[in-house]
There are 2 protein chains.
Amino acid sequence: MDVASVEGLEGLTIGRLAADLGISKSGLLGHFGTKEALQLATLERAAVIFDREVWRPAAAVGPGLPRLRAVCAAWISYLERGVFPGGCLFVSSTFEYDGRGGPVRVLLRRQFRAWQRRLSADVRLAAAEGDLPEDTDAGQLVFELLGVMMSLNHTIQLHGETAAATRAVRAVDRLLAGQLPVGAVPSGNPA
Amino acid sequence: MDVASVEGLEGLTIGRLAADLGISKSGLLGHFGTKEALQLATLERAAVIFDREVWRPAAAVGPGLPRLRAVCAAWISYLERGVFPGGCLFVSSTFEYDGRGGPVRVLLRRQFRAWQRRLSADVRLAAAEGDLPEDTDAGQLVFELLGVMMSLNHTIQLHGETAAATRAVRAVDRLLAGQLPVGAVPSGNPA
DNA sequence: AAGAATAGCGACCGATCGGTCGGACTCTAT
DNA sequence: ATAGAGTCCGACCGATCGGTCGCTATTCTT
């Protein structure tokens, strides 16, 4: 996962990975069979890490807006801390494979969809509870949240500006609170 | 550029490109010298295309907020029309090379910086003219605009949802108008 | 203790990678 | 007429790619 996040899923070559692990190529291939299977396994495992780093810290918080805030905070922290040295593996991978076919792209689609569904559910719940305007477009909000995280990932990885995390925090705060009726005070940390 | 936008700057192999062009490998390398020079030339040329597609259509509009709106509209259209078949070449390339060193990454950084400066200048102008709140953080706004475009690029390329362009339009409208004093009516197309 | 998986090895495969080299051809400036 | 620059070619280079094969050593099961 570390190699793939830096060099890309395609740059994760069998020979190099085997050398890094101190085993032979055939010894490595014996476990996965093909490179494609290795790539899929890498993504599956990365999903577990992502879940542990982003979802689980927020799972304890009550569903709806509070959990949404917690998830976004954990998400930003996950990017800020550089859990994967080359940035979020899913972000890297989606831009690497979005133009190709095959099982890797299919898996990426499923994973992104699942994540978006999770977020959408909390958005809808927050709207139903009155923490967000009741006409909130969940898809729209998730679309914009994802954009904030991609921009943050880009800023950290290309420009090395870890401090941009505060930008992401501000953007999230506005997205999750700015649609409240005017005069309402966001419950999160005000910018 | 077309090949690189789909396969990545690294997947733009000399042999394949030569075959696509109907010339020999050495004939192609005679023009560029090395693969890295070919990659740099690809990015330089893509910047010309991007400028033509996104900046020039808006250049005629007066500077400040109007031009900002025009640029964003052209930007969204550029992604929606699929000027590069694999999505924005700069978005693909930045996530491919952000974790590596070398001249390609350096060039990408320069190009992104230049683009952000251009946008920031219009944001500051808009703020000075009162079209945006005078305490507008230009860097913050550009950060969020970039995120919207990345999310749009992702949605179109991975999920094939060209209709997500309306999401981007809504997000941009809110970013460029939502910070106005309450009650003010955005001058753009209201959602 | 016998047998079956499992894990790992080194050697090897054809293909492709980026890149070099010497030569042939064309065009232009002198 | 000729020299030089530019363009392109086919042949070739070592390295690396993903992957296969036959073999051995270990471990687990019965």
Side-chain angles (χ1 to χ4, degrees), chain A residues 1-46 48 84-86 89-90 92-108 111, chain B residues 1-46 48 84-86 89-90 92-108 111:
Chain A
M1 289 183 295
D2 286 350
V3 173
S5 80
V6 175
E7 311 280 345
L9 268 181
E10 204 64 37
L12 182 66
T13 65
I14 300 189
R16 176 188 168 166
L17 184 58
D20 286 359
L21 295 175
I23 63 176
S24 69
K25 277 173 43 177
S26 42
L28 177 65
L29 263 179
H31 292 274
F32 297 98
T34 66
K35 174 174 186 177
E36 188 172 87
L38 170 64
Q39 293 172 322
L40 295 174
T42 303
L43 285 177
E44 301 270 19
R45 180 82 183 119
V48 174
F84 297 119
L89 182 57
F90 297 102
S92 317
S93 300
T94 187
F95 288 109
E96 184 179 359
Y97 274 84
D98 59 13
R100 317 185 196 178
V104 175
R105 183 186 140 137
V106 171
L107 175 58
L108 276 169
Q111 290 177 320
Chain B
M1 288 184 296
D2 287 350
V3 174
S5 80
V6 174
E7 311 280 346
L9 268 181
E10 205 63 36
L12 180 69
T13 64
I14 300 187
R16 178 189 166 167
L17 184 57
D20 286 357
L21 297 173
I23 64 176
S24 68
K25 274 173 44 175
S26 42
L28 176 65
L29 263 180
H31 292 275
F32 297 97
T34 65
K35 176 176 184 178
E36 188 174 86
L38 169 65
Q39 292 172 322
L40 294 174
T42 304
L43 284 177
E44 301 270 19
R45 180 85 184 116
V48 175
F84 297 118
L89 182 56
F90 296 102
S92 316
S93 300
T94 189
F95 288 109
E96 186 179 359
Y97 275 85
D98 59 14
R100 316 185 197 179
V104 175
R105 185 186 138 138
V106 171
L107 176 58
L108 276 168
Q111 290 176 320

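Everything quoted here is computed from the prediction, not taken from an experiment. Residue numbers start from 1 in every chain, and the chains themselves are labelled A, B, ... in the order their sequence lines are given, proteins ahead of strands. Heavy-atom basis, side chains included; hydrogens, waters and symmetry copies ignored.
B/Ser24 comes within 4.0 angstrom of a base, heavy atoms only.
Per the geometry, NZ belonging to B/Lys25 stands 7 Å off C1' belonging to C/dC17, to the nearest Å. Atom CG of A/Leu17 is separated from atom P of D/dC17 by 11 Å (rounded to the nearest Å). Rounded to a whole Å, the CZ atom of B/Arg16 is 12 Å from the P atom of C/dT16. If you measure from atom CG of B/Leu12 to atom P of C/dC17, you get 11 Å, rounded to the nearest angstrom. Between the CG atom of B/Leu28 and the C1' atom of C/dG18 there is a distance of 11 Å, given to the nearest Å. To the nearest angstrom, C1' of D/dC8 lies 13 Å from CG of B/Leu21. Taking atom CD1 of B/Ile14 as the reference point, atom C1' of C/dC17 lies 9 Å away to the nearest angstrom.
In this structure, the nucleotide among D/dG10, C/dC9, D/dT7 sitting nearest to the side chain of A/Ile23 is C/dC9. For B/Leu29, the listed nucleotide lying nearest its side chain is C/dG19; candidates were D/dG18, D/dC8, C/dG19.
Taking the nucleotide of DNA chain D with the nearest heavy atom to each of A/Gly15 and B/Gly30, the more 5' of the two is matched to B/Gly30. Annotation: of the two residues near DNA chain C, B/Glu36 and A/His31, the 5′-most nearest-nucleotide partner is A/His31.
Between B/Ser26 and the phosphate of D/dC8, there is no side-chain N or O to OP1/OP2 separation shorter than 4.0 Å.
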